[in-house]
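Take a look at the structure set out below.
Atoms within each ligand, like the ligands themselves, are counted from 1 in listed order. Only a predicted model underlies this, so the values are computations on that prediction, with no experimental measurement involved.
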Amino acid sequence: MSNKNKFNNIRMKNMIKYVAMAVSILVFTGGNAQTKEKKVGLSKSKIAINSYVGKEISNSHDAEINKLISQMTLEEKIGMLHGTTMFSNGGVPRLGIPELKMADGPLGVREEISRDNWAPAGWTNDFATYYPAGGALAATWNSEMGYTFGNSLGQEMRARDKDMLLSPAINIVRTPVGGRTYEYMSEDPFLNKKIAVPLIVGLQDNDVMACVKHFAANNQETNRDFVDVQIDERALREIYLPAFEASIKEAKAYSIMGAYNKFRNEYLCENDYMLNKILREEWGFKGIVVSDWAAVHSTAKSLKSGLDIEMGTRGKFNEFFLADKLIAAVKSGEVSETEINLHVKRILQTLYQVKAMGGQKRPKGSIATEAHYQDAYKIASEAIVLLKNENNALPLKLDGIKSIAVIGNNATKVNALRGFGAGVKTKREVTPLDGLKNRLPASIKINYAEGYLERYDVKNKGNLGDITINGPVTIDQLEPAKLQEALEAAKNSDVAIVFAGSNRDYETEASDRRDLHLPFGQEELIKKVLEVNPRTIVVFIAGAPFEIEEATKNTNAVVWSWFNGSEGGNALADVLLGKINPSGKLPWTMPKKLIDSPAHATNSFPGDKVVEYKEGILVGYRWFDTKNVAPLYPFGYGLSYTTFDFENAKSDKNAYTVNDKITVSVTVKNTGKVDGKEVVQLYASKPDSKIERAAQELKGFQKVKVAAGKSETITIQVPVKELAYYDVATKSWIVEPGKYTLKLGNSSRDIKKEIDVVIK
Ligand code: BGC
C-alpha cells in the first residue's frame, strides 16, 4: 500500500471511529435522541463531531514490568530518570528497554540534534513537514484541524522513530508581548482545550506520546528561570488549568512537561501542589512528568513532588539532579528504592503503551509526504484571518491587472528553522512571494521590492537569542534606496501588497517583545506605499498581536497570516485570489495599544522576582468586555468574502439541571455570492451573578461550511457544568442557579442572537 493510501486508511478508520463516538454520545446523552430532535426541529441539523477521547494508559503489562524492575540495578533504574542524551533518557539494552526518544515540537518534528550538545546532528534524512504554529492552528477554530495536525505529525514522529513529542504547548496567552505567543494557542481556556484535545488524540493514535507543556502558569519568557508566579486559585482553575485538565482527563496525554518558573514559591518541577495534588490526585494522571530542559533544582524534593524524568543541558548527564546525586540519595536512605521503582514503572508503562516495548507492532509512519503537505495546507488555509476588506478590495480581481508590486522582507522570509528554540528542517517552505508566483497567471508581472530591512541593534542589547531578558531592539529607519525601490514598484504596478509583521527571530522563545510596535520601519513603509498606490493591501505574517491601527487606517484590506507552515504561501495566495474564502478567527484580542491589555493595564507584567497576575480571571477578552475597553479587533473576529445571517436560534429546553446538556441550534444562512465557512461562537453570560464574573465567556463553537444562498443548521452542546465557576472556599466547581444568557455571534463583539435559559 502506498504511503498516501495507508495515511488515508488510518484517517478513514479514525473518521469512522469518531462518527461512531459522536453518534453514541448523542444516543447516550439524549436518551431518546430521535424524539428530542423532532421536538426542537433539529432533524436536518448537524451534530458536531467534537468528542475526542484518548486511550487510558493500560496496566496490562504490569507483570512483565515488575519482573523487569526486579532485574534492574539501581544505576540502571536511575539512568531512566534523567537525560543521557539531549533528547532521550537512558535505556537498559540488556533487558530490552529502549531509550525514550523525544523530539520537539511546535512546528513539526525538530531536526535531529547531536546526542550531547545543541548542534544539529547533520542528518540528511530528517527533513519534515513544517506545520502551522499553535496560534494558526487555534485560528482555524476547528477541532478537526487539531486532530489532523496531531495525526499527521504523529506519523512523522514515527517515521523518525520517536516516542514522545514535546508538544502541544498550551499555556494561556496572558500578554500579547509573550515570546511564545506564536507557539501557544489562545487567551481563552475553552478554545485552547478544544484544539489541544483532538491534537493529542490524533498524535497518540499513532503510538506517540504527547508531552503537554509547560505545566503550568508559564506565561512569560522574561525571568522564566526563576520568576515566582502568584495567581489566585480561582484564576488558576478557570483560566490557566482547564486545557491541561482536559488534556489529561479527556485526551489522556501520556506525559506532561514541568515548567521553568516557580508557582507560589516552588519551582514547577518540584511543586507538590501542582504535580502530586492536582495532576495525579485530582485528575488521575497516570503518565510521566518530564522536566523542561534544565528546569530541575533538587534531587529528593523533585522526585517526591512528582517529577519522573529530568531533561536538559546542565553539564554532564551524570551530574543531573536525578543522576549520581539520586544514587547517593538512595544509598544514604534519603530516597527509598520503592520510590525509584514507582517512577521507573510509570516510564515502562508509557513505553509499553506506545508499543515501544514487548515486540508490539507499531506504525512505521511517513514523513514530508505530499499528503502531509496537504494537511499543512488545509490548516494554513483555514487559519488566515481577513481583518479588513473595504470596497471589496479582496479577493483580487485579476481582470485588467497587469502587474502587482510585492513589497516587504516578509514576502521572502523563511521561518521554519529560525529563532531560538525548536524549528523544523524542511524541503518545502512556500513563502508569500513563491505562493503568488505559483498561483498568478504568467501574464501578470510581479514587481518585488524588499522595502524594509530586518535589522537589529545588537550593540543596544538587541542580540537575538538572549535568554530570558527583554526581546531584541530593532532598527526602525528605512534605507532610502530600499524605500525608493519599493515606491517605484508600487507606482508602476496596478496593485501593491505589503508583507509586514514579524518573524521567528523577533518573536521567539526565551524573550518577550519589548512592546507591540511594528518593527523595521514598516509603519512608515506602508503609509508611503499607500500614498503612491491607493490600491495597497497589507498582509501581516506574525504569530502575535501588534499595534497596527495607525499603519492600516487608510488601507482597504488587511489580512493576517501566521508562521503558517510548508504551504503557507500557497494558502495565502489562494486567499488573496479568492480560491479560498477566509474563515480564520483571531484566537486572541488585538488591542489598540499594549496598555489596554489586562496584564499591562494592571501593571503586573513582567514583575521581577515575583509576578502577581492582578487581573485575576479577566484575561484577554474577559478584561476588554468586562471593563468596556474597545479592542482594535476582538477575540473570535475574522471576515469572509461572503456574509452570514444567524436565524432561528433556540435551545432544546428552557430550564436545565446541573447534569444536563444544553443543545442550542441555529441556522446559518450564507447571504452572499460565494460559498464560505462561518464559526458560530457561543458565549455565556450571567449579569445578575452573585460573584465576580467576566461579562461573557466562550462555552461552545462550531465551524460550518455553507454554500452561497443556502442555509445549514448547526447544534452546539453545552454541558451545564461548563457554566460553573470555581469556588475557592469549598474547593469545588459550582453552577450558580438562575438565568443565563447564551449569546451567539461570529466574534465576541458581534453577537447576533441571544437565548435565555434557566439553571435550576
Ligand atoms: C523549551 C521547551 C523545549 C525544550 C527542548 C526548552 O527551552 O522551553 O519547550 O521542549 O527546550 O528543546
Task: F635/W141 aromatic ring centres below 6.0 Å - done: yes
Polar pairs, ligand 1 vs protein, N/O only, below 3.5 Å.
from: ligand 1; atom 1: 7 (O); to: Y260; atom 2: OH; distance (Å): 3.0
from: ligand 1; atom 1: 7 (O); to: E509; atom 2: OE2; distance (Å): 2.6
from: ligand 1; atom 1: 8 (O); to: R180; atom 2: NH1; distance (Å): 2.8
from: ligand 1; atom 1: 8 (O); to: D292; atom 2: OD1; distance (Å): 3.3
from: ligand 1; atom 1: 8 (O); to: D292; atom 2: OD2; distance (Å): 2.7
from: ligand 1; atom 1: 8 (O); to: E509; atom 2: OE2; distance (Å): 3.4
from: ligand 1; atom 1: 9 (O); to: R180; atom 2: NH2; distance (Å): 2.8
from: ligand 1; atom 1: 9 (O); to: K213; atom 2: NZ; distance (Å): 2.8
from: ligand 1; atom 1: 9 (O); to: H214; atom 2: NE2; distance (Å): 2.7
from: ligand 1; atom 1: 10 (O); to: D104; atom 2: OD1; distance (Å): 2.6
from: ligand 1; atom 1: 10 (O); to: K213; atom 2: NZ; distance (Å): 3.0
from: ligand 1; atom 1: 12 (O); to: D104; atom 2: OD2; distance (Å): 2.5
from: ligand 1; atom 1: 12 (O); to: R110; atom 2: NH1; distance (Å): 3.0

Task: Flag for Y131-S152: side-chain donor and acceptor within less than 3.5 Å - done: yes
Task: Distance-only polar pair, side chains of N171 and N219, donor-acceptor under 3.5 Å - done: no
- [ ] Begin with the C-alpha distance, continue with both residues' side-chain angles, and end with the deciding distance and a verdict on side-chain hydrogen bond (donor to acceptor under 3.5 Å, both in side chains) for T85 and E99.
- [x] CA-CA 9 Å; T85 79; E99 294 174 339; 5.3 Å; no
Task: NZ or CZ of R513 within 45° of F546 ring axis and under 6.0 Å - done: yes
Open item on the list: Assess whether a salt bridge exists between R280 and D308, defined as any Lys/Arg side-chain N lying under 4.0 Å from an Asp/Glu carboxylate O.
Closed with: yes
